[in-house]
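Heavy-atom basis, side chains included; hydrogens, waters and symmetry copies ignored. Residue numbers begin at 1 in each chain, while the letters A, B, ... track the order of the sequences.
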Amino acid sequence: MKKSNKINQKNTKLKTSLPKGLFLPKVGIILILPIVLIRCFTGYYPLLYNFYYSFTNYSMVNIKYHFDIGNYLRFLNDSNLRATIIFTLIYTISYTALVLIISLLLANFLNQKFFGRNIIRTVVFLPWAVAPVVTGIVARSSFNPYFGFISDLFKRIFNLEYAWLAISWSARTMVILWATWRDVGFWAVIFLAALQLIPNEVIEASRIDGASAFQLFFKIKLPMIRTQVLTMVLFSVLWSFLAFDLVHVLTNGGPGYSTSIFSETIFKTFVNGMFSFASAQVVILFLFSIVLLSFGLIFITKKRDEY
Amino acid sequence: MNDLKIKKYLKSFIIVIIVLIILIVTLFPIYWALSSSLTDKKYIFSPPTKYYPIGGITFDNYKAVLTSEGYFRNFINSTILSILCSGIVTILSFIAAYGFSRINFRFKNVIFNLIIASMLIPQISTVMPMFQIYKVLHLFDKVWGLIILDVGITIPFSTWILTTFISNIPKELEEAAIIDGVNIFGHLTRIIAPVLKQALGVIFLINFVNTWNEVMFAILFVVSKSQSTLSAALVKMTGADIRALPWDKLSAGSMIMIIPIIILSIAFQKQLVSGWTSGSIK
């Protein structure tokens, strides 16, 4: 039995009333061909390429390569990769949780009318316009012991000099915090738009029924914007998993590999000439992403069915 | 009566505090970069940290970064690349979105889902085969080489959003406006595109920003400074040592990179947000 689909239903209706010649399947294929070709070339072909080479020992040293599963065996023992996977997970979870909580609170806060509210909304959106690269550069400079403002403020308040980016746990915290800084405002404004779509009657009715602020937020407002929230979580998890720009500039994955997000590690492996090892890492990263996404989708469709 | 008034003032007070905190946390890093970019070099590098342009505002840093580092060329490169890529993706994904949304053909859903699923493919995976291909085609170190790469990564999202938009156009609109004997491209450009003007604008903007900010391909596929984009030039300027950051030039360069995007974001904030929220409709 064919899976029924909104798009399918629309099309069967269209076919009977519009000129047939215009909507032949051939036309459809021509229309989608350019992007499908480009996407296969830049997306799926590389994936297959990496899959193939991950089973060889191709590297700068071994230009004449042969079949070898050493890459995958090395994977289990490599401490750098272990640190990478740990930090990637920590980063993804903390970043998504932080951004979700703060942006929801912010959106709720901005939902009330007060003087200058619109200006604040625009201000809050600004960090998104700052490229992740620039965020990384400003962040990195702010930790500089001579002219950085974070080092300076820390010195003034606590009279301590601290090498933020040289210690793994503080470096990790800072990476997560700066990444959050950049994206919170963006999602807050989007959630705000969603919150403003909630009809006033609903809120008034629940107030009359005696709902407290907490109940209003968790039981009424949140469920009504759940599509946006779930979309946000999906995209945030996906992008933080594959993030590269900020980490590369801020810490370069250091100290050691403690802030090396997966893409950064693969980048370093590739630049060091261990091509097939990098390919193996790409394959593993891709598999992780699929697993993550599947869990996410199952969770989302379950939540949607509950309502 | 007094109780109510006290509550009101307390509430206003708390709001003001929260707003202040938001303003400071959000704006301070940007402000600091701006003020540093306008401060003379000798003041920046002599401790302690400067929080405003001591010694007067000077544009020397901007002059230095634009001329001696060739940053102006990078700016032009970024602009041309972003406009080109964004234009190409917007047009191509618009066409494809119409095909996915209105026309039925074998494997359509499979292909559509594969396009969207390709967002899972990490950017770094594209690098390796492209390295070999580019070597053979001598496409290295040219800004043009980056076009197909940047187009590739922005395709899935644009196609997805536009397909949603087109699906929401009532077919009565099309049926009423269609002329006998028109071919598909005429139909698209004359009937559908004007309806989607705003959506197309938003997609163009989002792709522009994404290409402008793109780093990984920019630093790997272009080596010489004159062909680099803004983002690549900034990364190269940063170097490896945290104690030796050329903050005078970096801050000026950063401001040059983010100011156009800030202007665009402020001008088109409403459209951007609506473009994003529509993507959450499944």
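- When A33(B), S46(B), P156(B) are compared by the number of non-hydrogen pairs under 4.5 Å with chain A, P156(B) comes out ahead.
- Taking CD1 from I258(B) and CD1 from I137(A), the interatomic distance works out to 10.5 Å, rounded to the nearest 0.5 Å.
- Using a 4.5 Å heavy-atom cutoff, the side chains of I124(B) and F262(A) are not in contact.
- Atom CD1 of I262(B) is separated from atom OG1 of T122(A) by 12.0 Å, given to the nearest 0.5 angstrom.
- Side-chain contact between L220(B) and F267(A) is present, with heavy atoms from C-beta onward closer than 4.5 Å.
- T42(A) is not listed as a side-chain neighbour of F217(B), based on a closest heavy-atom distance of 4.5 Å or more.
- Taking the ring centroids of F45(B) and F147(A), they lie under the 6.0 Å cut-off.
- V282(A) and P122(B) get closest at one heavy-atom pair: CG1-CG, 4.4 Å.
- Within a 6.0 Å sphere centred on CG of L153(A), other residues, nucleotides and ligands contribute more than 12 heavy atoms.
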ask   = What's the verdict on side chain to side chain contact (heavy atoms under 4.5 Å, CB included) for M128(B) and Y58(A), showing C-alpha distance, side-chain angles and the deciding distance?
value = CA-CA 12 Å; M128(B) 291 172 242; Y58(A) 182 48; over 6 Å; no
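- Shown here is F268(B), whose CZ atom has no more than 12 heavy atoms of other residues, nucleotides or ligands within 6.0 Å.
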inquiry  = Could you walk me through whether Y44(A) and L114(B) satisfy the side chain to side chain contact (heavy atoms under 4.5 Å, CB included) test, starting with their C-alpha distance in whole Å, then the side-chain angles of each, then the deciding distance to 0.1 Å, before giving a yes or no?
reply    = CA-CA 9 Å; Y44(A) 286 106; L114(B) 279 180; 3.6 Å; yes
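- The two residues V138(A) and W32(B) have their closest heavy-atom pair at O-CZ3, 3.9 Å.
- Both the backbone and the side chain of L234(B) come within less than 4.5 Å of a heavy atom of chain A.
- Taking chain B as the reference chain and counting heavy-atom pairs below 4.5 Å, the highest number among G136(A), G28(A), G116(A) is found for G28(A).
- The closest side-chain heavy-atom distance from I266(A) to Q123(B) is not below 4.5 Å.
- No other option in F275(A), F241(A), F186(A) has as many heavy-atom pairs under 4.5 Å with chain B as F186(A).
- In this structure a side-chain-to-backbone donor-acceptor pair under 3.5 Å is missing from Y49(A) to T126(B).
- Ranked by heavy-atom pairs under 4.5 Å with chain A, the first of V16(B), L23(B), L149(B) is L23(B).
- The side-chain contact (heavy atoms from CB on, under 4.5 Å) with I95(B) is formed by just one residue from the set I30(A), L31(A), I32(A), L33(A); it is L31(A).
- Taking chain B as the reference chain and counting heavy-atom pairs below 4.5 Å, the highest number among K26(A), R182(A), R39(A) is found for R39(A).
- Annotation for M119(B) and L242(A): closest pair O-CD1, 3.8 Å, computed over non-hydrogen atoms.
- A distance below 6.0 Å separates the ring centres of F28(B) and F149(A).
- Across S125(B) and P46(A), no two heavy atoms sit closer than the pair O-CB, 3.3 Å.
- Counting heavy atoms from C-beta outward, N213(B) and P132(A) have side chains that approach closer than 4.5 Å.
- Aromatic ring orientation, W160(B) versus F235(A): tilted (interplanar angle from 30° to 60°).
- Here the side chains of L272(B) and F125(A) are in contact, with some heavy-atom distance below 4.5 Å.
- Contact of the H248(A) side chain with the M216(B) side chain is not registered, since no non-hydrogen atoms from C-beta on lie closer than 4.5 Å.
- Per-residue heavy-atom pair counts under 4.5 Å with chain B were compared for I120(A), T251(A), V249(A), and the maximum is reached by I120(A).
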key: Candidate pair I38(A) and L92(B), rule side chain to side chain contact (heavy atoms under 4.5 Å, CB included), full reasoning   = CA-CA 10 Å; I38(A) 297 181; L92(B) 288 184; 3.9 Å; yes
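- Within a 6.0 Å sphere centred on NZ of K41(B), other residues, nucleotides and ligands contribute 12 heavy atoms or fewer.
- Of the atoms belonging to I259(B), not a single heavy atom falls under 4.5 Å from chain A.
- Residue S158(B) does not touch chain A at all, counting heavy-atom pairs closer than 4.5 Å.
- Side-chain contact check for I15(B) versus F109(A): some heavy-atom pair is nearer than 4.5 Å.
- Using a 4.5 Å cut-off between heavy atoms, A97(B) does not touch chain A at all.
- The closest donor-acceptor contact from the side chain of W181(A) to the backbone of V25(B) lies under 3.5 Å.
- Each of A278(A), G148(A), A166(A) has some count of heavy-atom pairs under 4.5 Å with chain B, and the biggest count is that of G148(A).
- Nearest heavy atom pair, residue I103(B) against residue P25(A), reads CG2-CA, 4.3 Å.
- The shortest heavy-atom contact between V273(B) and A193(A) is CG1-CB, 3.8 Å.
- Note on F114(A), F286(A), Y146(A), F270(A): by heavy-atom pairs under 4.5 Å with chain B, the leading option is F270(A).
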